[in-house]
Chemist: 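Let me give you the structure first, and then I'll get to my questions.
Naming: A, B, ... by sequence-line order, numbering from 1 per chain.
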Amino acid sequence: MAFFYLCRSKQKQMSNREIRVRFAPSPTGPLHIGGVRTALYNYLFAKKNGGKFILRIEDTDQTRFVSGAEEYIIEAFGWCGIRFDEGVTKGGKYGPYKQSERKAMYSEYAERLVASGHAYYAFDTAEELTTQRKNFEAEKKTFTYNAAERKHLKNSLVFSKSETQKLLQSGTPFVVRFKMPEDHVVRMHDLIRGEVIVNSNVLDDKVLFKSDGMPTYHLANVVDDHLMKISHVIRGEEWLPSLPLHVLLYEAFGWDAPQFAHLPLLLKPDGKGKLSKRDGDRLGFPVFPLQWTDPKTGETSSGYRESGYFPDAFVNMLALLGWNPGDEREVFSLEEMAEAFSIDRVGKSGSRFDPEKAKWFNHQYMQKKSNKELAAQFLPLIEKEGVMADMDYVEKVVGLVKERAHFVHELWEQSGFFFKAPASFDPKAVKKRWKQASYDQMMELKELLSGVGDFSSENTETVVKKWIEEKEYGMGAVMNAFRLLMVGALKGPHLFDIIALLGQEETLRRLEIGLFELGKKE
RNA sequence: GGUCCGUUCGUCUAGCCAGGUCAGGACGCCAGGUUUUCAUCCUGGUAACACGGGUUCAAAUCCCGUACGGACUACCA
């Protein structure tokens, strides 16, 4: 009965509360694909449930600030097509959305916790604590600022009220620490992992408010999520160990906690550990959505955008790393994914990224794109090769060759011969296909094609094949030699489609050039 | 070391919560087919329940243990 009631009340609470989720990166560098995926799941969850998706910048650590990082993050989401409903640059009624701009309010919340006995002032310096840790380590023990140790340290729990007041008023640097309750069983519910239970004795008195006047992540995150009315916190698994602290903080404030979901990590493909920013390019594929140049070292890491991935293919691939729709669909748009998304179809274990599958996705998307769109992206590459091409012509070329390419940048390799007559002939192909009879046959073919009025693919194919049959030439021998003269190699689409596009004049010209270049083989 | 989390083909995964299917799909790889060539494409194949106990008529599925992997263990997020 009690269980039933619990379920019902939870249901009710869920349906009444507006769904609001946030992605809260700290601007310490470029966002890697794991971060993008976390944001994507938040976005999908919000869209699916008709909620709001918020971008909050967590810049409470001024020492780790990296210039350009915030702009990078915003640009990356723009490229991915992930749109925010509220946040930095976007605004909203719960702003400001950058924690450094909210600085003034956090101390009040820290004080509130001290006043209610849930937190206390600590005056130990960083150096003193380091020494403590070393001493403990020497005895093979681990120093923890907890109930057992705090009574031997410098804090308002051991000092008298007046002593504490004096220290505070004299401007002695201090931090505010959470007073972790003793022997308290913390029960938490995670949307992905279910029940997680931990005893508070293994937890420590985390710093909530730093001596530089800024809150730590733990305080800022709880205060802001509450103030911004966040309903679900969907974040990386690396936060799971601090979940008890966060839950206890909500309790201490007397606030309703949001629901939590801790996402499995994206793993390094070469085995060990979670993917990190430092993996840069050493893995042989980008770990960042956009190219990034470190402002300090000048070191550049490649991005998916610059590597030629389509944003929709990239996002699609990423979404399927840890989530699946429950049916066998793999290729779908952001809208379709949002429609299909649900937290309980997110897996529990970490995933390794597969570069081969990423390429396959891009190929799939490439086939779905219109020839016009691809041609527009291809045009600059053609111009780089020194060719001025007509858009209609490029579109037709793209239509013929796109199925054999994974990326737009592979298009030139597949279709260069449509724009430039072969400058050389692949020696292997010449050896294999330019035989004794080839010269005379191509001579005849030239004659034949110069007399054709309708140069459509269908018609030239009929005419040429009929001629080959009548003369009893080998189909393979003639066609390959012909291809060699048109393309310069034994590759490319249907040959009659090629010459139809090239046109009669160019076809004859290439035959002539080829005959001259390769000559008669004795 | 301590705490927590995890473990199905090489990779991404379905199946697990409500035990009973030859453990399904995709990428990759291999073979065959289509093609005048290369690629695409089509067909087929390859390959997995970490291990050990227990519960049960029956376990990938429930329970316990072991191993392995991972995260966390800062006045970083």
Chemist: Can you tell me which nucleotide in C4(B), A77(B), A26(B) comes closest to the side chain of L240(A)?
Modeler: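 Of C4(B), A77(B), A26(B), C4(B) is nearest to the side chain of L240(A).
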Chemist: Under a 3.5 Å cut-off for both contacts, is C4(B) paired Watson-Crick or G-U wobble with anything, and if yes, with which nucleotide?
Modeler: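 Pairing partner: G70(B).
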Chemist: Atom NE2 of H218(A) and atom P of C75(B): how far apart are they, to the nearest Å?
Modeler: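 Going from H218(A) (NE2) to C75(B) (P), I get 10 Å.
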Chemist: Tell which nucleotide pairs with G20(B), taking only Watson-Crick or G-U wobble pairs whose two distances are both under 3.5 angstrom.
Modeler: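 For G20(B), the partner nucleotide comes out as C57(B), under the 3.5 Å rule.
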Chemist: Go nucleotide by nucleotide along RNA chain B from the 5' end; which of W360(A) and V202(A) gets its closest nucleotide reached first?
Modeler: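 Result of the comparison: V202(A).
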Chemist: Searching all strands shown, indicate the nucleotide that pairs with C51(B) (Watson-Crick or G-U wobble; both distances under 3.5 Å).
Modeler: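 WC or wobble partner is G65(B).
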Chemist: With C1' as the reference atom in both, quote the distance from A39(B) to G45(B) in angstrom, rounded to an integer.
Modeler: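 The same atom, C1', in both gives a distance of 22 Å.
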Chemist: Under 4.0 Å, heavy atoms only, any strand: does H494(A) hit a base, just the sugar-phosphate, or nothing?
Modeler: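 Base, at least one base atom sits under 4.0 Å.
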Chemist: Could you give the distance separating C4(B) and A14(B) at their C1' atoms, to the nearest angstrom?
Modeler: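 Result for the C1' pair: 28 Å, nearest Å.
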Chemist: Tell me if the side-chain of R483(A) makes a donor-acceptor pair with the base of U37(B), cut-off 3.5 Å, by modelled atom types.
Modeler: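 Side chain to base: pair found, below 3.5 Å.
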Chemist: Taking any heavy-atom pair under 4.0 Å as a contact, classify D327(A): base, sugar-phosphate, or nothing.
Modeler: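 Nothing: the residue D327(A), judged by heavy atoms under 4.0 Å, touches no strand.
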Chemist: Applying a 4.0 Å non-hydrogen cut-off, can you work out what L265(A) is touching in the nucleic acid: base, sugar-phosphate, or nothing?
Modeler: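 Contact class for L265(A): sugar-phosphate only.
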Chemist: Determine the interplanar angle of the W239(A) and H218(A) rings, folded into 0 to 90°, and report it as parallel if under 30°, tilted if 30 to 60°, perpendicular if over 60°.
Modeler: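 Perpendicular.
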Chemist: Hey, what's the ring geometry for F143(A) with Y145(A), parallel, tilted or perpendicular (30° and 60° as the breaks)?
Modeler: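 The rings of F143(A) and Y145(A) stand perpendicular, inter-plane angle above 60°.
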Chemist: What class does the angle between the rings of F332(A) and W323(A) fall in, given that below 30° is parallel, 30 to 60° is tilted and above 60° is perpendicular?
Modeler: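 Parallel, since the angle between the ring planes stays under 30°.
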Chemist: What is the nucleic acid contact for R193(A), judged by heavy atoms within less than 4.0 Å: base, sugar-phosphate only, or nothing?
Modeler: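 R193(A): backbone/sugar contact only, no base atoms under 4.0 Å.
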Chemist: Taking only the side-chain nitrogens and oxygens of K274(A), find out if one of them lies under 4.0 Å from OP1 or OP2 of C72(B).
Modeler: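 For C72(B), OP1/OP2 do have a side-chain N/O of K274(A) under 4.0 Å.
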Chemist: For G28(B), does either OP1 or OP2 sit under 4.0 Å from a side-chain N or O belonging to R352(A)?
Modeler: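 Answer is no, no contact under 4.0 Å.
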Chemist: Considering Watson-Crick and G-U wobble pairs with both distances under 3.5 Å, what does A14(B) pair with?
Modeler: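 Paired with A14(B), as far as the under-3.5 Å criterion goes, is no nucleotide at all.
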Chemist: Indicate, with a heavy-atom threshold strictly under 4.0 Å, whether S349(A) touches base, sugar-phosphate, or nothing.
Modeler: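 If one applies the 4.0 Å heavy-atom cut-off, S349(A) turns out to touch the sugar-phosphate alone, with no base involved.
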Chemist: Given the C1' atoms of C49(B) and A60(B), what is the spacing between them in whole Å?
Modeler: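 Comparing C1' positions in C49(B) and A60(B) gives a spacing of 4 Å.
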Chemist: For L495(A), which contact category applies under a 4.0 Å heavy-atom criterion: base, sugar-phosphate, or nothing?
Modeler: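 It contacts base atoms.
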Chemist: Base, sugar-phosphate, or nothing: which does R329(A) touch, judged by heavy atoms less than 4.0 Å apart?
Modeler: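 No contact at all - R329(A) keeps every heavy atom at 4.0 Å or more from the nucleic acid.
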Chemist: Just to confirm, is there a sub-4.0 Å distance from OP1 or OP2 of C76(B) to any side-chain nitrogen or oxygen of K210(A)?
Modeler: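 Yes, because at least one side-chain N or O of K210(A) sits under 4.0 Å from OP1 or OP2 of C76(B).
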Chemist: Using both distances under 3.5 Å as the test, list the Watson-Crick or G-U wobble partner of A77(B), or none.
Modeler: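 By the stated definition (distances under 3.5 Å), nothing pairs with A77(B).
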Chemist: Taking A77(B) as the reference, what is the distance to C63(B) when you measure between their P atoms (whole Å, please)?
Modeler: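 One P to the other, the span is 38 Å.
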Chemist: For a quick check of understanding: with a heavy-atom distance under 4.0 Å over all strands, which category does G322(A) fall into, base, sugar-phosphate or nothing?
Modeler: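 The answer is sugar-phosphate, as G322(A) gets under 4.0 Å only of primed atoms, P, OP1 or OP2.
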Chemist: Which whole-number value in Å describes the distance from Y217(A) OH to C72(B) P?
Modeler: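 In whole Å, C72(B) P lies 13 Å from Y217(A) OH.
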Chemist: Over how many whole Å does the gap from Q414(A) atom CD to U40(B) atom P extend?
Modeler: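 One finds 10 Å between P of U40(B) and CD of Q414(A), rounded.
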Chemist: Identify whether the distance between the nearest side-chain nitrogen and carboxylate oxygen of D59(A) and K98(A) falls below 4.0 Å.
Modeler: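 Salt bridge flag = no for K98(A) with D59(A).
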Chemist: For a quick check of understanding: with a heavy-atom distance under 4.0 Å over all strands, which category does R433(A) fall into, base, sugar-phosphate or nothing?
Modeler: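 The answer is nothing, as R433(A) stays clear of every strand by at least 4.0 Å.
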Chemist: With both distances under 3.5 angstrom, what nucleotide forms a Watson-Crick or G-U wobble pair with A39(B)?
Modeler: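 For A39(B), the partner nucleotide comes out as none, under the 3.5 Å rule.
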Chemist: Mind checking if V198(A) touches a base, just sugar-phosphate, or nothing, with heavy atoms under 4.0 Å?
Modeler: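 The residue V198(A) makes sugar-phosphate contact but no base contact.
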Chemist: Rounding to the closest angstrom, what is the interatomic distance between U43(B) and C62(B) at atom C1'?
Modeler: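 Roughly 41 Å separates the two C1' atoms.
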Chemist: Taking 4.0 Å as the cut-off, does a side-chain nitrogen or oxygen of R345(A) come that near to OP1 or OP2 on G15(B)?
Modeler: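 Yes, such a contact exists.
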Chemist: When the ring planes of H246(A) and Y217(A) are compared, do they come out parallel, tilted or perpendicular, using 30° and 60° as the limits?
Modeler: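 Correct class here is tilted.
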Chemist: Would you mind classifying the nucleic acid contact of V487(A) as base, sugar-phosphate or nothing, using non-hydrogen atoms under 4.0 angstrom?
Modeler: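 If one applies the 4.0 Å heavy-atom cut-off, V487(A) turns out to touch nothing in the nucleic acid.
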Chemist: Using atom P of each nucleotide, how far apart are U40(B) and G32(B) to the nearest Å?
Modeler: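 U40(B) and G32(B) have their P atoms separated by 16 Å.
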Chemist: Charged N to carboxylate O below 4.0 Å: is that the case for E237(A) and K274(A)?
Modeler: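 Between K274(A) and E237(A) there is no salt bridge, as every charged N stays at least 4.0 Å from the carboxylate O atoms.
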Chemist: Centre-to-centre under 6.0 Å for Y473(A) and W467(A), is that the case here?
Modeler: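 Ring-ring flag for Y473(A)/W467(A): true, centres closer than 6.0 Å.
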Chemist: Between the base of A26(B) and the side chain of K357(A), is there a donor-acceptor distance below 3.5 Å?
Modeler: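 It does, because a donor-acceptor pair links the side chain of K357(A) to the base of A26(B) below 3.5 Å.
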Chemist: Hey, does the side chain of N324(A) come within less than 4.0 Å of A14(B)'s phosphate (OP1/OP2), counting only N and O?
Modeler: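 Checking A14(B) against N324(A), a side-chain N or O does come within under 4.0 Å of OP1 or OP2.
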Chemist: Consider the side chain of S351(A), meaning its heavy atoms from C-beta on, and name the nucleotide among A26(B), C12(B), U36(B) that approaches it most closely.
Modeler: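 It is C12(B).
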Chemist: Could you tell me whether E461(A) and K465(A) have a side-chain N and a carboxylate O separated by less than 4.0 Å?
Modeler: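 Yes, charged N to carboxylate O under 4.0 Å.
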Chemist: Mapping P493(A) and N199(A) onto RNA chain B by nearest heavy atom, which one lands closer to the 5' end?
Modeler: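 Closer to the 5' end of RNA chain B: N199(A).
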